[in-house]
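To keep things clear, I will list the structure first and then write my remarks on it.
Chain identifiers are assigned alphabetically (A, B, ...) following the order of the sequence lines, protein sequences preceding nucleic acid strands; residue numbering begins at 1 within each chain.
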Amino acid sequence: MEGSQESLAFRELDQRIQRWIWSQGWNELRDIQEAAIPLILAAETDVIIAAATARGKTEAAFLPILSALARRPDAGVRTLCVSPLKALINDQFRRLEGLCSDLGIPLYRWHGDVPASFKKKLLRHPEGVLVITPESLEALFVLHGSQVGSLFEGLAYAVIDELHAFIGTERGRQLQSQLHRLELVIARRVPRIGLSATLGDMNLAREFLRPGGSAAVRCVESSASRQEVRLQVRGYRRAAELKDQLGAAREAAEAPEGEIASHLFTTLRGTTNLVFANSRAIVEQYADRLRRLCKDLGVPNEFWPHHGNLSKGLREETEAALKDRSRPGTAICTTTLELGIDIGAIASIAQIGAPPSVSSTRQRLGRSGRGGGPAVLRAYIVERELQRDSPLGDALRVQLIQTIATIDLLLERWCEPPLPVALHLSTLVQQILSLIAQHGALRAAPAWRDLCERGPFSSLRREQFVGVLRSLSRHGLIQQDHSGELVLGAVGERLVNHYGFYAAFTSPDEYRIVADGRVLGSMPVQISLAVNGLLIFGGRRWRIVRIDPQQKTIDVQPAQGGRPPAFVPTEAPPVHDALRRRMFEIFRETAVPTYLTDRAMALLAEGRDNFARYRLAEVRWLAEGDAVLIFPWCGDRILDTLGLWMRALGRETVSYGIALCLARTTESEAGHLLETMAASEPPSGSELARAVANLRREKFHPYLDEDLLADDYATSRLDLAGARETVLRLLEPR
DNA sequence: GACCTGCTGCGGATTG
């Protein structure tokens, strides 16, 4: 306890908290705790606490918060903590339970699985600490709007857990709006405490936490020494498709998946690991292969699937296998295990396929190597065997080069910044309806002031806001009563009064998969499945025995064969500009990273040879058949913007990620096109967006007019300045 | 050419 006694921060805490720290057997406070305690106790500024998972962020916030609450008892909810996951709320509840009860501070959790009786109790006696989801908070505004003031009149702190998970998303904008509305109701500013993973650009996190007031937000970042990282990137080749005697294509017997599965099996068996795959179908495929390898060897299964379409029960089975220290267990998973759910120590991380981004790779790696040990990452990259007519993307070994570029940027501690400029009109619609429900009615002028002028939707122009109100009125969501106030229209009433209203995001219709009365999970309704069809789901093999379109259920029984269902893919993650630029540099360099296996080295050499053969260090576009490939080495947002710009000039384009393909064009025509673009101002983003086929991507988009949707698309998906700069760069002499 | 997240009130049956 010597460290604690010497610490100034420790002495500032309430004595009962000091005793609790003693009782935990802690020798000293962590650096972020030392730094955060005085800032939070002073309660004069907003604070961001940034550190990797399991570095004591929750305590850094709650030791001083509970200290302050214990000293100044007051009526109403004193601390609001908003968290993105029900599972995280339950984790946090368990961690704070003992401390809160020692201090006599009531602790409430509120989400969809919490019984209504607990919620009623809080509404009757608002007090203490409330941990809640954004959706449940929205329900509070809609269903108990007149009570919000009295519930939160004594609010001392607003905590946002996993701040990084909210930044740049619809849900994040919803949360900003909710915190702002709360401060409006109680007519006072409440200190905000954001708990975040370490981010590339802390200024964006500051601006997110306190829009318009980021300069005063204090940041506490962990200075804990950089963790050692052990890396291996393994290369695999997929043989070209063979034709059998009937001419049907079939995969070569030695598919790389089998090889990867055996390597995972021998390397990971006996320890606890996370294997990240890039899609749910791939998770299912490997979970099934690895389970069978265990079975073939006659040993207990050690491999468990985890993804968003598996039922809560199956996911909890996997989480329990990870937490169980008495036996090894490895999860094959998607992003579901990226966020900070408590799963204990993890020996290593595997990544199948190129990682989706630098930031998610950092999150994944942060899961491994607790307790001072090195973090271990193995990446498994498959490239196709080349043939004479192989596409250039295969010849360049893009998957492998992208993986190397990702690791480069990761080691430089760079990561993708979120995009803060989007209008988020869908969420604005939700918040307008919610405000009307909260107050019963609303005038247009204060709505503009509270949501846009001084609120979180500050990038809207006044005429855009008026356009939104007109759209909503035309679609029956709102109407003006005789005194000029906005009230809900018939359609608006129906939307707001359905429980589906509270989430800012959409979700697809799904069938439930049921085996012997137990729900295994769900799948989208678009899939074409037939009775007696075979299926891999939850890492096991099934036969479909019944499909009920009315009940939306699929009944299955255990079977011998099967394949993973085709989950409806969403949009791919955009590759960031910095990553593509780094890929270009890697192609031009000759250095070979030491973490590559021999086969990965050979693939890298092939990629570089082909890059040199096509002279891509000098040439910016080249003919392929009757098309031209343009290589701007820029991120996907700029590439998509360039594609739309060329389409506006009457050209047909397809984005290959690594290149932009101009159909039916010669090299000199491509040059002329770029010169034309360089000589003129680009059209506006909204003009370009009008050519996009489906602009209605988000929940409340169906109630907005086309021109607003085009504005929304342009601000969230396009980069005009970047596109113009890229055109000029493509024409620079080299 | 990917992934993920969330949700109320009420009616009716069952149990102590």
Side-chain angles (χ1 to χ4, degrees), chain A residues 82-89 110-120 123 132-144 161-162 164-175 178 276-284 305-310 312 315 332-341 351-357 359-361 363-364 391 393 398-399 402 427 430 434 437 495-508 510 521-522 524 566-575 635-637 639-640 643 654-659 661 698-699 717:
Chain A
V82 186
S83 174
L85 299 181
K86 291 187 284 189
L88 285 175
I89 291 177
W110 185 318
H111 57 65
D113 299 342
V114 171
S117 55
F118 290 92
K119 300 174 182 171
K120 286 193 184 115
L123 290 171
I132 194 168
T133 59
E135 289 72 23
S136 286
L137 188 54
E138 200 67 60
L140 215 67
F141 275 115
V142 170
L143 300 170
H144 306 280
D161 196 18
E162 307 276 357
H164 57 277
F166 288 111
I167 301 176
T169 68
E170 291 295 325
R171 228 176 161 204
R173 185 59 66 85
Q174 175 187 26
L175 176 56
Q178 292 172 326
F276 287 96
N278 289 344
S279 79
R280 291 161 287 185
I282 297 174
V283 165
E284 289 291 351
H306 198 284
H307 61 72
N309 283 67
L310 294 179
K312 195 173 172 225
R315 288 203 238 178
I332 327 294
C333 59
T334 58
T335 53
T336 42
L337 287 178
E338 237 171 60
L339 273 189
I341 303 169
Q351 164 72 42
I352 301 176
S357 69
S359 57
S360 74
T361 309
Q363 284 281 114
R364 291 171 183 192
V398 169
Q399 299 298 309
Q402 189 173 324
T427 304
Q430 183 206 36
S434 177
L495 282 173
V496 171
N497 290 328
H498 188 271
Y499 71 89
F501 173 75
Y502 310 124
F505 52 87
T506 51
S507 45
E510 288 180 331
S522 63
F567 296 95
V568 176
T570 50
E571 249 166 298
V575 172
D636 279 338
R637 279 179 68 224
L639 209 60
D640 289 348
V654 186
S655 168
Y656 291 159
I658 192 86
C661 178
E698 278 154 16
K699 188 168 174 182
R717 305 285 285 272

- Message: Base, sugar-phosphate or nothing for A:Gly500? Non-hydrogen atoms, less than 4.0 Å.
- Response: base
- Query: Rounded to whole angstroms, how far apart are CD on A:Gln178 and P on B:dG6?
  - Reply: 14 Å
- Task: Check whether the aromatic ring of A:Phe501 stacks on the base of B:dC7, taking stacking as ring centres less than 5.5 Å apart and planes within 30° of each other.
- Result: no
- Message: Looking at A:Lys699, I'd like to know whether one of its side-chain N or O atoms comes within less than 4.0 Å of OP1 or OP2 on B:dG6.
- Response: no
- Query: Whole Å only: how far is the CZ atom of A:Phe166 from the P atom of B:dC4?
  - Reply: 17 Å
- Message: Taking any heavy-atom pair under 4.0 Å as a contact, classify A:Asn497: base, sugar-phosphate, or nothing.
- Response: nothing
- Task: Would you please confirm or rule out a distance under 4.0 Å between OP1 or OP2 of B:dG1 and any side-chain N or O of A:Ser655?
- Result: no
- Atom pair CZ/CD of A:Phe505 and A:Glu170 - distance to nearest 0.5 Å: 11.0 Å
- Task: Name the residue closer to the 5' end of DNA chain B, choosing between A:Ala503 and A:Ala277 according to the nucleotide with the nearest heavy atom.
- Result: A:Ala277
- Item | Residues A:Thr336, A:Arg315; criterion side chain to side chain contact (heavy atoms under 4.5 Å, CB included); working and verdict | CA-CA 10 Å; A:Thr336 42; A:Arg315 288 203 238 178; 3.8 Å; yes
- Query: A:Arg171 has an atom CZ; how far is it from atom P of B:dC3, in whole Å?
  - Reply: 18 Å
- Using whole Å, report how far CD of A:Glu510 lies from C1' of B:dT5. 13 Å
- Taking atom types as modelled, find out whether A:Glu138 and A:Ser434 have a side-chain donor-acceptor pair closer than 3.5 angstrom. yes
- Note on the structure: Residues passing the salt bridge (Lys or Arg N to Asp or Glu O under 4.0 Å) test with A:Glu135, sequence neighbours excluded, are A:Arg171
- Using whole Å, report how far CD1 of A:Ile352 lies from P of B:dA2. 16 Å
- Query: Does a side-chain N or O from A:Thr334 land closer than 4.0 Å to OP1 or OP2 of B:dC4, or not?
  - Reply: yes
- Give, for atom OG1 of A:Thr334 and atom CG of A:Asn309, the distance between the pair rounded to the nearest 0.5 Å. 9.0 Å
- Item | A:Glu698 side chain reached by A:Thr506 side chain, heavy atoms, under 4.5 Å | no
- Item | Protein-to-nucleotide contact annotation, 5' to 3' order, nucleotides 8-16 of chain B [B base; S sugar-phosphate only; - none; under 4.0 Å, heavy atom] | BS-------
- Would you tell me if any nitrogen or oxygen in the side chain of A:Arg315 comes within less than 4.0 Å of OP1 or OP2 on B:dT5? yes
- Query: Expressed in angstrom and rounded to an integer, what is the separation of A:His164 atom NE2 from B:dT5 atom P?
  - Reply: 14 Å
- Message: What is the distance, to the nearest angstrom, from the CD1 atom on A:Ile658 to the P atom on B:dG1?
- Response: 15 Å
- Any A:Phe276 side-chain heavy atom under 4.5 Å of A:Cys333 side chain: yes
- Item | Touch class at under 4.0 angstrom, heavy-atom based, for A:Pro573 against every strand present | base
- Got A:Val82 and A:Ile132 here, is their nearest side-chain heavy-atom distance under 4.5 Å? yes
- Query: Across the strands shown, which category fits A:His307 at heavy-atom distances under 4.0 angstrom: base, sugar-phosphate, nothing?
  - Reply: sugar-phosphate
- Task: Just compare B:dC3, B:dG1, B:dC7 and give me whichever is closest to any side-chain atom of A:Thr133.
- Result: B:dC7
- Side-chain N or O of A:Arg280 closer than 4.0 Å to phosphate OP1/OP2 of B:dC3: yes
- Just how far, in rounded Å, is P of B:dA2 from CG of A:Asn309? 14 Å
